[in-house]
**Q** 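Starting off with a structure, shown below.
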Amino acid sequence: MIVQPGKGAMQTHLKKRIDIVVEAPLLQRVTNQLDRENVSGYSVMPIIAGRGHEGPWTSEGQLGNASQMVAIVCVVDPARVDDLLAATFDLISRQIGHVTVTDVHVVRPQRF
Amino acid sequence: MIVQPGKGAMQTHLKKRIDIVVEAPLLQRVTNQLDRENVSGYSVMPIIAGRGHEGPWTSEGQLGNASQMVAIVCVVDPARVDDLLAATFDLISRQIGHVTVTDVHVVRPQRF
Amino acid sequence: MIVQPGKGAMQTHLKKRIDIVVEAPLLQRVTNQLDRENVSGYSVMPIIAGRGHEGPWTSEGQLGNASQMVAIVCVVDPARVDDLLAATFDLISRQIGHVTVTDVHVVRPQRF
Amino acid sequence: MFQLALQNLLSPMVLFFVLGLFAALARSDLSIPEAVAKLLALYLLLSIGFRGGAELAHHGFTGQMAATMAAGILLSFTTPFIAYALLRATTGLSATDAAAVAAHYGSISAVTFVAVTGMLGQLAIPYDGYLVAVAAAMETPAIFAALWIAPRETPMTRPSESRGLIREIALNGSIVILLGALLIGAITGQRGMVMLKPFIVDSFAGLLCLFLLDMGLITGRGLQQGWRHLSAAVAAFAVVMPLIGGTLAAAAAAAIGLSVGSTAVLMTLAASASYIAVPAAMRLALPAANPSIPLTLSLGITFPFNLLIGIPLYIAIANKIAQ
Amino acid sequence: MFQLALQNLLSPMVLFFVLGLFAALARSDLSIPEAVAKLLALYLLLSIGFRGGAELAHHGFTGQMAATMAAGILLSFTTPFIAYALLRATTGLSATDAAAVAAHYGSISAVTFVAVTGMLGQLAIPYDGYLVAVAAAMETPAIFAALWIAPRETPMTRPSESRGLIREIALNGSIVILLGALLIGAITGQRGMVMLKPFIVDSFAGLLCLFLLDMGLITGRGLQQGWRHLSAAVAAFAVVMPLIGGTLAAAAAAAIGLSVGSTAVLMTLAASASYIAVPAAMRLALPAANPSIPLTLSLGITFPFNLLIGIPLYIAIANKIAQ
Amino acid sequence: MFQLALQNLLSPMVLFFVLGLFAALARSDLSIPEAVAKLLALYLLLSIGFRGGAELAHHGFTGQMAATMAAGILLSFTTPFIAYALLRATTGLSATDAAAVAAHYGSISAVTFVAVTGMLGQLAIPYDGYLVAVAAAMETPAIFAALWIAPRETPMTRPSESRGLIREIALNGSIVILLGALLIGAITGQRGMVMLKPFIVDSFAGLLCLFLLDMGLITGRGLQQGWRHLSAAVAAFAVVMPLIGGTLAAAAAAAIGLSVGSTAVLMTLAASASYIAVPAAMRLALPAANPSIPLTLSLGITFPFNLLIGIPLYIAIANKIAQ
Ligand SMILES: Nc1ncnc2c1ncn2[C@@H]1O[C@H](COP(=O)(O)O)[C@@H](O)[C@H]1O
Ligand SMILES: Nc1ncnc2c1ncn2[C@@H]1O[C@H](COP(=O)(O)O)[C@@H](O)[C@H]1O
Ligand SMILES: Nc1ncnc2c1ncn2[C@@H]1O[C@H](COP(=O)(O)O)[C@@H](O)[C@H]1O
Ligand code: NA
Ligand code: NA
Ligand code: NA
């Protein structure tokens, strides 16, 4: 995609953003899996409350992390999506959580 | 969409991700509304600072939540988007906040 | 895009969501840059851990912010994307960080 | 009086507030995490609540207490009408904005309450424990007064929501902790006090310093952002209104016959403006009001005014009029 | 006994718990930030660990200590079998859910441990410092027992993961801080105690109040969400099982010849159910189990039961049976 | 000397650091929330700042104080040149990376400062209050030295940014709190000290333990990630450089005629390397430098070296050379 050719036109490239929402105790398993798949990186973002099939939860005042969720965001090349979904599906399907895939554009494609 | 047919090819399905950014005191009103609309779930994510038409704000050192914003993320079936936008529009339009809708793909469509 | 014409059909409009992930010490430089570009607003979201080319990091127990990342989310008109990418590229390319651009739809286009 | 003002200005508490103010205005990156600020606020409310209760256990229920409670509620409900009239007469604020500001000034600031008790503690002037309950009772009537005043252009959408609103206002965290700790202090009395004294009494001054450092930081940041919302007339209101509220409270205190300390506390409560509970309530009840205006006024002008000038003034006046 | 129960119920700690419970059930927005809750838990564990160690430095290693340790481990490993049998006989819980619940009840609740030491402190009843080590040792055997019991439908995916699991369980934060502080207390003894006393001993009661306020809040919120998972039989289990565990511990304590305080502590440990360490471990080891069931039981029913009724009961019984 | 080292190693502070280190290396999930770590750092800086100020109020301004201040600034500005030369001669670090590391070692570590004052407190060795101001003054000169040294490949983009950078460095949070608390301590003197003592003095040792537990955790985690960035020569630098800095400071202290305690503090400051203020400044000023290298060196090697070996060594030397 070429965004608006002109003075500062920057070439952008299609990548995929994978958002993995999992139970907090499972976080390290998932990131280990991503490490094994040699992704270029990922970011962990907090979720402070939510509701799912089991009802609502909040992190307020909590001592443990058993009932909490976290989000792992990982930008990857489209060619890697399928492998990563397969690799994380094993983990996620047994536990509480879900995965979404979104089209994103980046400026420096070689980073991912 | 079939991402890369092959050994681990996973069938993914189009859903919509709705991001609702609202004032923190309004959070419960919005989630109550989502509950009434019977969405399968949502996640609340913190925003720690920002700027809008009223100027910048930060959560640092704050005692109350009146000047803070939060993000509510809700993955839904495309068929539900319109109802949900209508249902939350009432609330959001009177207050400070905004809503975005993004195409996402998921592996287990029946969850949403 | 007209989502499901019918009783509550709401007209939505294409905008772009720019996600800027940068080192925390750089946050103010980036938001200053966005202010200079006259964006309508932005939201800062926390990242609590991650991994990149330099290896993993976590915010747990940290005293300084030098090794931490934050995410800046900015919804803008598609016509503004190129300028903003150019404006932030200068900053980001010298430091650790990356930028993604995503298509989103909004209900009140004049806000952005 | 001058002596008193100086002693106040040179107290560690006020100096830490000024330090925070300076750091924010100089754009230092000094900051206090939100969780820490909330812990400090919780601690301070719990501490004054519990101590008020323990003091109450000594004295029991009195007619004076009932009278002070009634006076507090009346002050909270009536000052919004004065504030609204004043704002509409002297400033260009819209009816909705004026009503929202009026709610803030009718209600009280728990933090200013903590500050006056800290100052009285330093001067070894006692005050009645039941004033904790009076403070809690003064938080909400002003909100209802303001909703009464405000133009009803934007109807509350659902009855369930307005019921929700009343519950949210009546059971907001600071009221629950103040009254809860008061009750626990009253029940456990001297026995509880002995157990909790090192935490609740001995550490109070230090944690109040840390808290006021944070207040200075957010006041400074608020001023930096908010001053452009303020005309001179609006800013003047934020200094005049506390004096009006304080005067009314002084009259009530004299009529009831309160002690010096209790008179000073009641005056401070009436003179203070909310910036935790009411702002949140206004976002729900009067969404059309601009939230920056009352916040900048109450946090950016009235709070520092009360902390630096108001409180010593109220104590000096209380010294004159009370027995 | 009745006297004891009343004194417990009217202690500031229990009253703050009740305040939190009330606030949550009344849907007040009172809340304690997660970071603060974790600080309070860390402080309390560090404090009882260090004090246990300092006490241990006085007395050294004894046969009684080894016997109590063995008894604790045995209790933790065996009660899950009883709990499982009971659940399968009296409730409709699936085998996996029953195994997960059993793990929670075999293990211990560090918070309940803190509460019983607070109560004993109030009554000036001493207990042996090594019970801190016993508490730490009782955390994990129940988890292995439950994994043994649970149906092996869902195979652990990778050997590396199950190795990881064992490390995670054995080195979870609360065990590390309890045992670490115990060791440091034992090494630095009286010298360390003098240095740390204002922080570790004097502030304990106050911070425990704040912590129990938070426990009340999360218990209340848990109950609001979780009660629909509970049949009457399942809820009854959450009261009966502590009594079974406590009875077994009483027998062991009598056999070993523990003091009144130590008997009460061992009974409380056995009667308590985990809600920090075990829930997280179960999410990894038994993902098919519904996490709401054991959490609602242990936090929503067993913890308040122990706090309000159980602990005074165990102390009263210890008073009868110990020398 | 050996006695001193042992007493240091067996102090609760050092043992809690070791506990944290162990927990991190064993990959325990023990963790301290970021907000709590920041509260602890704020408290410790406020406490030593305030105590320094209160002590200063006794003694007033002296020539010795001016001389020590000048020595500190000189040390901070000159040691980066030594560090840079050493790194370029003995390691393969690039010019930019070497300059960034040099900035860290010229500047000081506020946490190490806190640790040496804790150790001196334990030994009842007094030090001069004005060293708080010296510490604050030593934070930034090294940064400017390093920017002078570093190759100017990447031009600072905007003048407004480089002005911003100077303000950010000069007004960073730890400097503001140190100097602000010093000033408040000096203004309120004995009166302030009486009010704040339970919080600022009595709880110090306990909160320092908690803080060092956290330092142990992040040191351990940093080492786990960072060791692969370190050649043997680079690692050796992190032990040699503190000794060089400490020696220079010892010479200055002897020339000025400082007391034992003040000599030990000045040596420790010079021997310490920044890991809060300078890393952030380097990300803005020298973005091309790899941030992991200086962080791993200063936090992973120099800090534990100073805490376990350096500080007792510096105290022992101070004992020899000072009057
Ligand atoms: N449709 C959804 N959109 C966003 N987050 C969700 C959604 N469904 C579930 N979640 C999150 O995932 C958690 C577990 O949901 P569940 O798997 O339905 O029990 C919830 O508490 C939410 O935080
Ligand atoms: N264009 C935008 N992109 C992302 N966040 C925004 C944007 N505009 C506003 N916000 C967020 O919404 C808050 C309120 O903005 P406003 O409604 O413009 O007063 C801001 O403080 C930001 O946190
Ligand atoms: N592919 C990615 N997806 C999401 N976040 C990333 C990715 N790569 C890097 N990050 C984040 O950016 C930080 C710096 O990465 P790097 O620039 O590779 O050193 C990491 O620690 C992550 O928090
Ligand atoms: Na008022
Ligand atoms: Na048990
Ligand atoms: Na140095």
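Protein chains get the first letters and strands the later ones, always in sequence-line order, with residue 1 at the start of each.
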**Q** Quick check: under 4.5 Å, non-hydrogen atoms only, which of residues 197-222 of chain D neighbour chain E?
**A**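 Heavy-atom contacts from residues 197-222 of chain D to chain E are D:P198, D:F199.
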**Q** Taking all atoms of both residues into account, what is the closest heavy-atom pair of D:V132 and D:G49, and its distance?
**A**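 Of all heavy-atom pairs spanning D:V132 and D:G49, the closest is CG1-CA, 3.8 Å.
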**Q** Regarding E:S272 and E:N306, is there a side-chain donor-to-acceptor distance under 3.5 Å anywhere?
**A**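 No, no side-chain donor-acceptor contact under 3.5 Å.
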**Q** Testing the basics here: between E:S109 and E:T112, what is the closest heavy-atom pair and its distance to 0.1 Å?
**A**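 In terms of heavy atoms, the two residues are closest at OG-OG1, 2.5 Å.
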**Q** Side chain, backbone, both or neither: which part of E:L10 has a non-hydrogen atom closer than 4.5 Å to chain D?
**A**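 It is both, since atoms from each part get that close.
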**Q** Which heavy atom of E:S274 sits nearest a heavy atom of E:A277, and at what distance?
**A**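 Smallest heavy-atom distance, with atoms named: OG-N, 3.6 Å.
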**Q** Search all heavy atoms of E:A54 against all heavy atoms of E:G189 and return the closest pair with its distance.
**A**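 Distance-wise, the nearest heavy atoms are CB-O, 4.3 Å.
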**Q** Identify which part of E:Q122 has an atom lying under 4.5 Å from any heavy atom of chain D, answering side chain, backbone, both or neither.
**A**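 It is the side chain, since no backbone atom gets that close.
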**Q** For residues 281-297 of chain D, pull every pair meeting salt bridge (charged side-chain N to carboxylate O under 4.0 Å, His left out), keeping only residues two or more places apart or in separate chains.
**A**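 Listed once each, the pairs are B:E23-D:R283.
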**Q** When the ring centroid of D:F303 is compared with that of D:Y275, is the distance short of 6.0 Å?
**A**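 Close enough - the centres of the two rings lie under 6.0 Å apart.
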